[in-house]
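Naming convention: chains lettered A, B, ... in sequence-line order (proteins, then strands); numbering from 1 in each chain.
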There are 2 protein chains.
Amino acid sequence: MMAATTSGVTPPTKGEQTRASIIDAALSLFEESGYDASTMRAIAERAGVSVGNAYYYFSSKEELIQGFYDRNAAQHEARAAVDLEGVTDLVERARVNLRAWLDENAGFHEFAGVFLRTASDPASPMSPFSSESAGARDRAIGGWRLVVEGSDAAIPDTIREELPELLWLYQMGIVLFWVHDRSEGMAATRLLIDRTVPMLMRAVEFSALPMVREVVNDLVTLIADLRRLQIEPA
Amino acid sequence: MMAATTSGVTPPTKGEQTRASIIDAALSLFEESGYDASTMRAIAERAGVSVGNAYYYFSSKEELIQGFYDRNAAQHEARAAVDLEGVTDLVERARVNLRAWLDENAGFHEFAGVFLRTASDPASPMSPFSSESAGARDRAIGGWRLVVEGSDAAIPDTIREELPELLWLYQMGIVLFWVHDRSEGMAATRLLIDRTVPMLMRAVEFSALPMVREVVNDLVTLIADLRRLQIEPA
DNA sequence: GTCTATAACTAGATAGAC
DNA sequence: GTCTATCTAGTTATAGAC
């Protein structure tokens, strides 16, 4: 709202500092003891503020999860950009992107259950399909667009445009599986990724088949029709 | 634990009666005011018991949801059996089964959001994939088996065995969509069902294609491999 | 007017007596 | 089996400090 006081970087106001310290306290406690065991009182104490003050910045405990969400999305983006350098095969690029996500979130596996619990409530702004999540969703889909565009693969026109969003949806499925994965070192999720990515790409090739293409077209019009129904009543 | 006292029907013990009255009170309150607004104190009061006593029968508020779950599953089963009589076309039978579910659950749409929130926590016994839900899941898959077996469709051997479970998984997807559906009279979900069931059946036909069959085989072995990974570490 | 703190409220859950 | 009394933790009301 006001001009910057010193350098070009945003000057951290007192409020922003307090806000950051609350998020830091929350995330470190979540990682140490899990979501449920981390009380708002403990979070506030570690952040060096009162409970009431914490609620001035975050209107609920669940809202603190958004901090986790944002931070990890940014870290994943950076890591994927590095790992993708020099890789041109589409299947490999997709694997790299998913593995980067997996590694970036390794420490939050237990915590993710709570996250999913919140995210799957359609009324919650944390839902990946909600309008509040539109920014994060678009960023993630944009990441997939880079994966596709940086590859040397020939993609059928039938689904060229929709592929990044489709891959994001596929990723949501992988995440859902990951949350339930109890295997050592997430071996099951890694196997799932390694095996399904090639299948998915073969399915993309199928989409050029006339028979399949018909179904794809049906799906596209269906989605358009559904969007209309969902939006009209508001 | 004891021999029946009178007729062949199970004699309702005192505990069973109390248990039933708590569930009745809970479900009626949920329907009236929603899940969150229905406090355990209000439920206990309507049931004519103390809060502590309610917790003697149900170890958490969420556990009361299982009552809703069981009751509706039974009602859906009965309704579907009637509606399916005389219908032989597989696509139509699948539609009938899904519409029966939809109609049976029409009154619980808002409440279902909470249900989903609970069910999607992998740690929760309410998850449709949990071992605690195995009974309900098997009943639902059995219902789909009746849908398939009562039809005159020729189903490729490739997936004959897996089709009922596949259809149940598809139904879980429909339910997920339904929970998010804000359209008048669930028009969007009905459209989704009417359009995707034929697509699904056409996809089943595809599974006979050699190219596609290969992918199906890959999927089957993948699932077997995943099961092994998930089960070993316990 | 933006922050911050203390005290109180609410509702899920538990302990222990009867 | 059932109750009363109590605990815990998320949330809010409200008053005051910068």
Side-chain angles (χ1 to χ4, degrees), chain A residues 1-3 5 10-27 29-30 32-68 111 114-115 117-118 121 123-126, chain B residues 1-2 5 11-27 29-30 32-68 111 114-115 117-118 121 123-126:
Chain A
M1 303 298 182
M2 291 194 64
T5 47
T10 323
T13 68
K14 183 119 165 275
E16 276 165 1
Q17 277 177 301
T18 310
R19 190 187 181 83
S21 71
I22 294 169
I23 287 217
D24 287 343
L27 292 193
L29 267 172
F30 290 163
E32 279 171 37
S33 345
Y35 179 79
D36 288 329
S38 307
T39 71
M40 285 300 281
R41 285 163 178 84
I43 292 168
E45 189 180 9
R46 177 168 297 194
V49 300
S50 70
V51 182
N53 198 11
Y55 274 96
Y56 177 80
Y57 289 98
F58 300 92
S59 59
S60 74
K61 186 180 175 183
E62 287 190 347
E63 203 166 286
L64 286 166
I65 300 177
Q66 191 76 47
F68 156 82
F111 172 43
V114 181
F115 180 64
R117 184 174 76 199
T118 309
D121 182 350
S124 163
M126 300 294 306
Chain B
M1 304 298 184
M2 291 195 62
T5 46
T13 68
K14 185 124 165 274
E16 276 165 0
Q17 276 177 303
T18 309
R19 190 186 181 83
S21 70
I22 294 169
I23 286 217
D24 287 343
L27 291 194
L29 267 171
F30 289 163
E32 278 171 37
S33 344
Y35 179 79
D36 288 330
S38 308
T39 69
M40 286 301 281
R41 285 164 178 81
I43 292 168
E45 189 181 9
R46 178 168 297 193
V49 299
S50 71
V51 182
N53 199 10
Y55 274 97
Y56 176 79
Y57 289 98
F58 299 92
S59 59
S60 75
K61 185 180 175 184
E62 287 188 346
E63 204 166 285
L64 286 166
I65 300 177
Q66 190 76 47
F68 155 82
F111 173 44
V114 181
F115 180 63
R117 183 175 77 197
T118 310
D121 182 351
S124 164
M126 301 293 306

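Closest to the side chain of B:Thr39, out of D:dG10, C:dG12, D:dT2, is C:dG12. Minimum atom distance to the side chain of A:Asn53 is reached by C:dT4, of the listed D:dG10, C:dA11, C:dT4. In this structure, the nucleotide among C:dA13, C:dT4, D:dT2 sitting nearest to the side chain of A:Tyr57 is C:dT4. Of the listed nucleotides (D:dT2, C:dT2, D:dT11), C:dT2 has the atom at the smallest distance from the side chain of A:Tyr56. Looking at the side chain of A:Met40, the nearest of the listed nucleotides D:dT11, D:dG1, C:dG12 is D:dT11.
Nucleotide C:dA5 holds its C1' atom 13 Å from the CD1 atom of A:Ile22, rounded to whole Å. Remark: P of D:dG10 and CD1 of A:Ile65 are 12 Å apart, rounded to the nearest angstrom. In this structure, the CG atom of A:Asp36 is 16 Å from the P atom of C:dG12, given to the nearest Å. Per the geometry, CZ belonging to B:Phe58 stands 21 Å off P belonging to C:dA11, to the nearest Å. Nucleotide C:dT10 holds its C1' atom 16 Å from the NZ atom of A:Lys61, rounded to whole Å. Note: CD (B:Glu45) to P (C:dA11) measures 13 Å, nearest angstrom. Counting to the nearest Å, the C1' atom of C:dT10 and the CZ atom of B:Arg41 are 8 Å from each other. Distance CD (A:Glu16) to C1' (C:dT4): 17 Å, rounded to an integer number of Å.
Note on B:Thr18: a side-chain N or O is less than 4.0 Å away from OP1 or OP2 of D:dT2. Of the side-chain N and O atoms in B:Tyr55, none sit less than 4.0 angstrom from OP1 or OP2 of C:dT14.
B:Ser50 comes within 4.0 angstrom of a base, heavy atoms only. Within the nucleic acid shown, B:Gly15 comes within 4.0 Å of sugar-phosphate atoms alone, with no base atom in reach, counting heavy atoms only. The residue A:Val51 sits close to a base: some heavy atom pair falls under 4.0 Å.
Atom OH of B:Tyr35 is separated from atom CG of B:Leu64 by 7.0 Å, given to the nearest 0.5 angstrom.
For B:Arg19, there are no salt bridge (charged side-chain N to carboxylate O under 4.0 Å, His left out) partners at least two apart in sequence or on another chain.
B:Glu63 CD: more than 12 foreign heavy atoms inside a 6.0 Å radius.
Within the 4.5 Å cutoff, no side-chain heavy atoms of A:Gln66 are placed close to those of A:Phe58.
When all heavy atoms of A:Lys61 and A:Ser38 are compared, the pair lying nearest together is NZ-O, 2.9 Å.
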